[in-house]
Amino acid sequence: MNPNQKVIYYYDPDTMYFTTYDVIGINDPLPPYSTGKPPLTDDKVGLYFPQWDGTNWQGISLSEYLKHEQQSNPATLDTVTATLATITATLAKMQENQAKTDAVLTQQLATLSAKIDGGKQ
């Protein structure tokens, strides 16, 4: 980001929930329903469902968020779990294939080295 710019964070004027962010000039005034304070905890961790209270962002923890998601849309969490399982299985298969490829390449390298060493007499 250009040093002459700053990030601003918008919130809904009715609910005060975070909506989006934008980059503006460092000296530009804040537009309505925005703040320069990022929706993070004091430890710089992102908030779930961040809501502006006029001074700070308030939010919920990851466990509260997951509980809310499970209650509001159980299929979403099931879909995420299934997707993660698929990704994990794919990664395991890729690691297996990589190990096989490594073994083949190691064998080919040994064969080539033997031919090169054998040719030097």
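Worth knowing before you read on, the calculation uses all heavy atoms, side chains too, and leaves out hydrogens, waters and symmetry mates. For clarity, every value in this text was computed on a predicted model and none was experimentally measured.
- In this view, T83 and T79, I87 satisfy the side chain to side chain contact (heavy atoms under 4.5 Å, CB included) rule, not counting sequence neighbours.
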Item to complete: Applying side-chain contact (heavy atoms from CB on, under 4.5 Å), run through W52 and Y33 and close with a yes or a no.
Response: CA-CA 9 Å; W52 184 245; Y33 313 113; over 6 Å; no

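- Closest of all the heavy-atom pairs between Q58 and D53 is NE2-OD2, 3.1 Å.
- To the nearest 0.5 Å, atoms CD (Q5) and CG (D28) are separated by 9.5 Å.
- Under the rule for a ring pair (Phe, Tyr, Trp, His ring centres under 6.0 Å), the partners of Y65 that lie at least two apart in sequence or sit in another chain are Y48, F49.
- Considering only residues two or more places apart in sequence or on other chains, T86 meets the side chain to side chain contact (heavy atoms under 4.5 Å, CB included) condition with T90.
- V7 pairs by the side chain to side chain contact (heavy atoms under 4.5 Å, CB included) definition with M1, Y9, Y21, V23, not counting sequence neighbours.
- With sequence neighbours left out, the side chain to side chain contact (heavy atoms under 4.5 Å, CB included) criterion links T111 to Q107, K115.
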Report all side-chain donor-acceptor pairs from residues 98-105 shorter than 3.5 Å, counting only partners two or more places apart or in another chain.
{"from": "Q98", "atom 1": "NE2", "to": "D102", "atom 2": "OD1", "distance (Å)": "2.8"}
{"from": "K100", "atom 1": "NZ", "to": "E96", "atom 2": "OE2", "distance (Å)": "3.3"}
{"from": "T101", "atom 1": "OG1", "to": "N97", "atom 2": "O", "distance (Å)": "3.0"}

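- The distance from the CG atom of L47 to the CG atom of L40 is 6.5 Å, given to the nearest 0.5 Å.
- No side-chain donor-acceptor contact under 3.5 Å links D43 to the backbone of V45.
- Atom-to-atom distance recorded for I24:CD1 and S34:OG is 6.5 Å, nearest 0.5 angstrom.
- Heavy atoms only, all atoms of each residue included: D12 and T19 are closest at N-CG2, 3.5 Å.
- The two residues P31 and Y10 have their closest heavy-atom pair at CG-OH, 3.3 Å.
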